[in-house]
Amino acid sequence: IIFYSLIIAFFASCGTESQKNTKNVIRTEPFELHTAYKLYEPSSDSPELKIDISLTLVETGNKETDDNINRTIAWQLFERPVTDDSNNSIADACNKFVKNKREEYMELLPDYLNIKESEMPAVWFYNYYMISSEVEIGYKGYINYIIQQEEFTGGAHPSNTCSAYNFNPENGEEIVLEDILKENYE
């Protein structure tokens with residue numbers, strides 16, 4: 001029992017250097033958007049597009065840092081720039097992204113109507129798009145942002161991607177390999 005107590009105490013006191021030395025404290029703010037669009041409104045059994053977005057927005061207490069991080073995330077996810085303008089927020093970029101996804105989905109309507117008339121199963125018209133994220137303090141206090149995306153547009157299985165981004169906690173600039181690796185080192 002004493003041996004196990006010592007092992008537990010040892011592991012509980014251990015931590016990575018970043019956990020022990022970090023002065024950075026981040027607060028995260030959830031951003032959620034959950035919606036569904038029927039492909040053919042008059043039909044109650046119409047296939048639909050479901051979109052579930054659960055993002056974690058970073059709040060470090062430094063507006064410039066927060067803006068840089070959240071701007072980068074919005075660009076990576078939605079390929080839309082987010083500026084300091086309050087009318088151009090992550091929510092706006094997300095809403096434009098959802099609008100574009102819906103418009104793309106609605107282009108399937110003629111195909112669906114042709115198949116619907118033939119009474120063939122149309123399971124590939126059930127589409128979904130999901131995004132989730134998490135934020136952690138990593139090595140040397142760097143902010144690690146992980147994004148998981150899953151998209152199903154018909155077929156045998158969905159497409160999955162996982163992306164990781166690292167940010168300088170002082171200014172919110174993205175840390176890339178060139179910032180870490182020595183030049184011309186092979």
Side-chain angles (χ1 to χ4, degrees), residues 26-59 66-138 142-167 172-178:
I26 60 171
R27 195 171 88 81
T28 57
E29 183 69 33
F31 172 82
E32 305 266 336
L33 186 142
H34 308 283
T35 190
Y37 301 101
K38 288 196 176 291
L39 184 58
Y40 186 59
E41 286 297 331
S43 175
S44 62
D45 63 342
S46 169
E48 63 183 11
L49 166 66
K50 290 185 179 181
I51 299 176
D52 292 310
I53 299 174
S54 298
L55 292 178
T56 305
L57 304 180
V58 175
E59 293 183 3
D66 300 348
D67 288 347
N68 285 340
I69 293 171
N70 293 323
R71 224 181 268 125
T72 300
I73 296 305
W75 179 256
Q76 295 298 332
L77 282 172
F78 309 123
E79 296 180 358
R80 304 227 180 311
V82 174
T83 64
D84 293 332
D85 181 5
S86 62
N87 294 324
N88 190 8
S89 66
I90 287 183
D92 292 332
C94 183
N95 287 327
K96 288 176 186 172
F97 172 81
V98 168
K99 179 181 177 219
N100 289 341
K101 282 287 182 193
R102 180 174 188 238
E103 288 171 359
E104 288 173 13
Y105 182 66
M106 296 311 290
E107 291 174 7
L108 299 174
L109 183 58
D111 293 335
Y112 171 71
L113 292 175
N114 288 335
I115 290 174
K116 182 176 176 16
E117 296 302 319
S118 70
E119 297 185 17
M120 291 177 59
V123 294
W124 55 87
F125 290 103
Y126 288 88
N127 289 200
Y128 66 82
Y129 193 86
M130 297 186 304
I131 301 174
S132 63
S133 66
E134 59 185 87
V135 178
E136 297 176 352
I137 296 286
Y142 294 143
I143 298 170
N144 303 326
Y145 198 100
I146 300 154
I147 301 169
Q148 296 185 9
Q149 298 178 70
E150 184 172 319
E151 182 172 25
F152 181 77
T153 57
H157 53 80
S159 297
N160 295 290
T161 58
C162 182
S163 306
Y165 303 92
N166 300 295
F167 297 97
E173 291 180 9
E174 185 176 2
I175 299 167
V176 295
L177 284 177
E178 290 78 21

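Values reported hereafter were calculated over all heavy atoms of this structure, with side chains retained and with hydrogens, waters and symmetry mates removed. Remember, predicted model here, so these are calculated numbers, not experimental data.
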Checklist entry - Which distance, rounded to the nearest 0.5 Å, do you find between the OG of Ser54 and the CD of Glu134? => result 12.0 Å
Checklist entry - Say you draw a straight line from CZ of Phe167 to CG of Asn144; how long is it, rounded to the nearest 0.5 Å? => result 9.5 Å
Item to check | Sub-6.0 Å ring centroid separation between Tyr128 and Phe152 | outcome: yes
Item to check | With Asn70, the side chain to side chain contact (heavy atoms under 4.5 Å, CB included) member among Leu57, Leu55, Thr56 | outcome: Leu57
Checklist entry - Passes side chain to side chain contact (heavy atoms under 4.5 Å, CB included), Asn127 versus Leu108? Steps please. => result CA-CA 11 Å; Asn127 289 200; Leu108 299 174; 4.2 Å; yes
Item to check | Closest approach of Leu39 to Ser46 (non-hydrogen atoms, all atoms of both residues) | outcome: N-OG, 3.2 Å
Next on the checklist: Using 0.5 Å steps for rounding, measure from the NZ atom of Lys38 to the NZ atom of Lys50.
Outcome noted: 9.0 Å
Checklist entry - Checking Tyr105 side chain against Glu48 main chain: does a donor-acceptor pair fall under 3.5 Å? => result yes
Item to check | Trace of the side chain to side chain contact (heavy atoms under 4.5 Å, CB included) decision for Ile147 with Tyr165 | outcome: CA-CA 8 Å; Ile147 301 169; Tyr165 303 92; 3.7 Å; yes
Item to check | Considering all heavy atoms, the nearest His34-Asp52 contact | outcome: ND1-OD1, 2.8 Å
Item to check | Worked verdict on Tyr129 versus Phe97 for ring-ring contact (aromatic ring centres under 6.0 Å, His included) | outcome: CA-CA 11 Å; Tyr129 193 86; Phe97 172 81; 5.2 Å; yes
Checklist entry - Are any side-chain N or O atoms of Thr35 and backbone N or O atoms of Ile51, one a donor and one an acceptor, separated by less than 3.5 Å? => result no
Next on the checklist: Ignoring hydrogens, what is the shortest heavy-atom contact between Leu33 and Cys94? Give both atom names and the distance.
Outcome noted: CD1-SG, 4.0 Å
Checklist entry - Stepwise, does the side chain to side chain contact (heavy atoms under 4.5 Å, CB included) test hold for Phe78 with Asn100? => result CA-CA 10 Å; Phe78 309 123; Asn100 289 341; over 6 Å; no
Next on the checklist: Would you compute the distance between atom CD of Gln148 and atom CD1 of Ile131 and round it to the nearest 0.5 angstrom?
Outcome noted: 11.5 Å
Item to check | Nearest non-hydrogen partners of Phe31 and Ala91, listed with the distance | outcome: CE1-CB, 3.5 Å
Item to check | Minimal non-hydrogen separation, Tyr126 against Asp45, with atom names | outcome: OH-O, 3.4 Å
Checklist outcome for this item: Ile115 and Trp124 have their tightest heavy-atom pair at CD1-CZ2, 3.4 Å
Item to check | Euclidean distance, Asn166 CG relative to Ile146 CD1, rounded to 0.5 Å | outcome: 8.5 Å
Checklist entry - Out of curiosity, Gln149 CD to Asn160 CG, how far, rounded to the nearest 0.5 Å? => result 10.0 Å
Checklist entry - Can you tell if the side chain of Ile73 reaches within under 4.5 Å of the side chain of Val58, non-hydrogen atoms only? => result no
Next on the checklist: Is any side-chain heavy atom of Val98 closer than 4.5 Å to one of Ile53?
Outcome noted: yes
